[in-house]
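Below is one structure; the comments refer to it alone.
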Amino acid sequence: MTHPFHTAPVASGEAVALPQPPPRSALLIAADRVDGAVAVLCRGVLLVTGIVLMGVLTANVIARYVLATGGFDWAEEVPEQVFPWFIMAGVALAVQHGGHIAVEWLLGRLQRGGTRIVLLAGHALVIGAYAFLCWQALEVGEIVAIERSPALGLPKTYGYWAIAAGCALVALSKAMVAVRLAVIGPEAMPRPSPEEMPT
Amino acid sequence: MSLILILAFAALMVAVVPVAHALVIASATALLWDGRLPLTLVVQQMFQQTQSFPMLALPFFILAGTLIMEGKLGQELLRFSGELMQRVRGGALSTTVVGSVVFGGVSGSAVANASALGSVLIPWQKRQGYPAGLCAANNATSAVIDILIPPSIPMILYAVVSGVSIGDLFLAGVLPGLLMAGGFVAVCWWNARRLDLSTEAPPLDIRHVARLAMLATPALILPVLILVALRFGFATPTEIAVMAVLYALAASLVIYRDMSWRRFHKAMIDAGIATGIVMMVIMGSAAASWILTYDQVPQRFAEWISTTLREPWLVIMAMNLIMLAIGGPLDLAPAILLLAPIFVPLAQQIGLDPLQLGLMMVLNLGIGLYTPPVGTTLFISSTIAGSTMGETTRALWPYFFVAIVLLLGISYIPALTIRF
């Protein structure tokens, strides 16, 4: 596909050069790449864990009516391990899409500069808090390593790793939004599509 | 500790920090301030919510709804609704109302409904001569019927917080949903009469209607199947949500032949993001609720309200007013998660059925979705219609009237809240 800013064919068949877009700063290019990598990772996790959850829950319903044992012992343990990864991948992607709900009452009363400062301060706070939560989740994960599920014998640690990974990705995604906010301004704030809104 | 939590949360909300993050940060701040409890409590409470089996129903009901609404099945539902209503005065507007009822049976999200129906029906309604503001108001308000008809995402959230059965809530929502639809159809008729707009539809062709009904049947029977499966205990709500996804996939693959890997992939990602948004609020509110419960705030609030107001009807009125005030600026999901833990003990103290409170809460906070100036469905509908907020708001009043009358009915007439 031709980039809309490069060249465009005209009626005579010749191509006319159109104005070039302003060059994107190295910081914005880096932010795009980090976001792209996070998005690919989270989408992959969502798809795999979503299909696994569907498969396990379906198999358990079928097994309940077919097997004399009335379902699989491990059917509740798999979602316990997998659902945290599904959730945290969704949480991180929602940050990129601007999906987390905020009350924007103050923004309507501020000038552009003030809006940028308020949003940047909020982002800095969230980045710090989630980096701290990531560390806390890893610590608790180590403590609960001795608690194992009855059927599969899996430790609760993996679930806490999901929380830790999710918090790290939230902090990273927030940092990339903050970069855009600083370089471009408040109009760089992402907005979710209606399909992504839960209620 | 709770005072610090509330102050920090309020300050963060004003500073435009998203609700979910504000809850997490405010909880951590309160624990730091107090110093007696470990900070790891926040992470532990967050993790605990990811282990909730009923919450697994959330992504799958969203996924089923997306798969149906964005495919040919959704289009057939819409054609069927249009065919049913086009001969009634105000039928073009009423198609949105009836469409919301039938879409409500497959989707649990009012915002998705407002976008899906509005983008197709509002341009058509404008061509029929209806003012843009009225089309927007009609779309914004009708979308809320979606969350009263099962499956409903807000009802799942309330069920998880309050302990009320998801099946009971789903069934209890049907009658209020239909009553609201009836009231809104009457408003559409009144608007068409006021604007002197008549209908120009071809004569009724029973065969054509029957054909459309048959094509829409797979979606029309889904809510019935969900209620029957819940009522007779064939599976848990979570498993039924997965079955709904498989049903939508099967219908799209076999009957409508419009399923593709790309569509499934997009629907799964959208469902994942929507789940992430809700779950993050749940995880944040779990830590905040733990702190409030530790300080016995819900119990003290319940005692204070019931001794101050004394009469149960006054307490119910106060709860409704608080919800209306909070539901305007705050979105439905966080409002339910913040208010339910406080209001359920209060309801029990005055003898109000938590099921009835659940319906009150979903309808009341649903009104917040179209309350100016920040209502989500109001904003989406005005954008699609190209109307100003003022034009839309002026057309909202009759709809508000119907919704408030229904809210009062649900609040004071237990018979409107049917149980299994």
Side-chain angles (χ1 to χ4, degrees), chain A residues 42-43 45-47 49-51 53-54 57-58 60-61 64 76 79-80 83-84 86-94 97 99-107 118-119 121-122 125-126 129-130 132-133 136-137 139-140 143 156 159-160 162-164 167 170 192-199, chain B residues 12-21 24-25 28 39-40 42-44 46-47 50-51 53 56 59-60 62-63 66 70 109-112 114-115 147 153-154 235 238-239 242-243 245-246 265 268-281 329-334 374 376 380:
Chain A
C42 291
R43 282 166 184 269
V45 171
L46 273 179
L47 206 58
T49 52
I51 291 170
L53 287 168
M54 263 175 70
L57 292 167
T58 308
N60 195 43
V61 176
R64 190 179 308 140
E76 280 207 21
E80 281 175 5
F83 195 37
F86 181 89
I87 293 168
M88 294 316 287
V91 169
L93 264 185
H97 290 236
H100 292 294
I101 304 143
V103 177
E104 299 183 346
W105 167 83
L106 182 65
L107 297 185
V118 166
L119 289 173
L125 198 60
V126 174
Y130 277 78
F132 177 73
L133 279 177
Q136 292 268 292
E139 277 210 334
V140 182
I143 297 166
K156 273 195 173 170
Y160 277 97
I163 303 283
C167 289
V170 166
S193 70
E195 293 77 29
E196 295 160 1
M197 295 302 289
T199 52
Chain B
L12 289 163
M13 291 279 284
V14 171
V16 205
V17 173
V19 179
H21 305 324
V24 170
I25 298 171
L39 266 173
T40 49
V42 176
V43 168
Q44 283 172 316
M46 285 171 69
F47 172 75
T50 68
Q51 305 296 289
F53 195 71
L56 259 170
F60 293 111
I62 296 173
L63 180 59
T66 310
E70 290 186 359
S109 159
V111 177
S115 164
I147 55 174
I153 304 302
T238 304
E239 290 166 343
V242 174
M243 297 299 119
V245 172
L246 295 178
H265 180 271
M268 181 67 94
I269 302 299
D270 286 348
I273 293 173
T275 306
I277 293 169
V278 176
M279 284 305 296
M280 196 60 229
V281 180
L330 198 58
D331 200 69
L332 193 59
V374 284
T376 323
I380 289 174

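Small disclaimer: the values here were computed from a predicted structure and weren't measured. Convention: sequence-line order gives letters A, B, ...; per-chain numbering from 1.
Counting only heavy atoms from C-beta outward, the side chains of A/V61 and B/V242 never approach each other to under 4.5 Å. For the pair A/F86/B/T275, a side-chain contact is recorded, criterion being any heavy-atom separation below 4.5 Å from C-beta on. Two residues are said to be in side-chain contact when any heavy atoms from C-beta on lie closer than 4.5 Å; A/Y130 and B/H21 meet this criterion. A/M88 is not listed as a side-chain neighbour of B/T50, based on a closest heavy-atom distance of 4.5 Å or more.
The shortest heavy-atom contact between B/I277 and A/G99 is CD1-O, 3.5 Å. Counting all heavy atoms, side chain and backbone alike, B/G276 lies closest to A/V91 at O-CG2, 3.3 Å. Across all their heavy atoms, B/L56 and A/P79 have their closest contact at CD1-CB, 3.5 Å.
Contacts between B/F47 and chain A at a heavy-atom distance below 4.5 Å involve backbone atoms as well as side-chain atoms. Only the side chain of A/L119 comes within contact range of chain B, with at least one heavy atom under 4.5 Å from a heavy atom of that chain. Only the side chain of B/V42 comes within less than 4.5 Å of a heavy atom of chain A; its backbone N, CA, C and O stay farther away. At a 4.5 Å heavy-atom cutoff, the contact between A/L133 and chain B is made by backbone and side-chain atoms alike. Both the backbone and the side chain of A/I51 come within less than 4.5 Å of a heavy atom of chain B. With a 4.5 Å cut-off on non-hydrogen atoms, A/A89 does not touch chain B at all. Residue contact with chain B, scored on non-hydrogen atoms closer than 4.5 Å, involves the backbone and the side chain of A/V118 alike. With a 4.5 angstrom heavy-atom cutoff, B/V19 touches chain A via backbone and side-chain atoms both. Looking at A/V170, only its side chain comes within 4.5 Å of chain B, counting heavy atoms on both sides.
Remark: side-chain polar atoms of B/Q51 are paired, donor with acceptor, to backbone N or O of A/E80 under 3.5 angstrom.
Here B/M268 contributes atom CE and A/L46 contributes atom CG; the two are 8.0 Å apart, rounded to the nearest 0.5 Å. For the atom pair CG (A/L93) and CD1 (B/I269), the distance works out to 6.5 Å, reported to the nearest 0.5 Å.
Ranked by heavy-atom pairs under 4.5 Å with chain A, the first of B/P59, B/A20, B/A114 is B/P59. Taking A/A129, A/G50, A/G122 one by one and counting their heavy-atom pairs under 4.5 Å with chain B, the maximum is reached by A/G50. Contacts with chain B were tallied for A/V140, A/L57, A/L53; A/L57 has the most, counting heavy-atom pairs under 4.5 Å. Among A/C42, A/A121, A/P84, the residue with the largest count of heavy-atom pairs under 4.5 Å with chain B is A/P84. Taking A/V126, A/T49, A/V45, A/I143 one by one and counting their heavy-atom pairs under 4.5 Å with chain B, the maximum is reached by A/V126. Top candidate by heavy-atom pairs under 4.5 Å with chain A, chosen from B/M280, B/M279, B/M13, B/M46, is B/M280.
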Checking A/M54 against B/L63 for the side-chain contact (heavy atoms from CB on, under 4.5 Å) test, could you report, in this order, the C-alpha distance in whole Å, the side-chain angles of both residues, the deciding distance, and whether it holds? CA-CA 11 Å; A/M54 263 175 70; B/L63 180 59; 4.2 Å; yes
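Residues meeting the salt bridge (Lys or Arg N to Asp or Glu O under 4.0 Å) test with B/E239, sequence neighbours left out: A/R64. Applying the side chain to side chain contact (heavy atoms under 4.5 Å, CB included) rule to B/L39 yields the partners A/F132, A/Q136, B/A28, B/L31, B/L32; only residues at least two apart in sequence or on another chain are considered.
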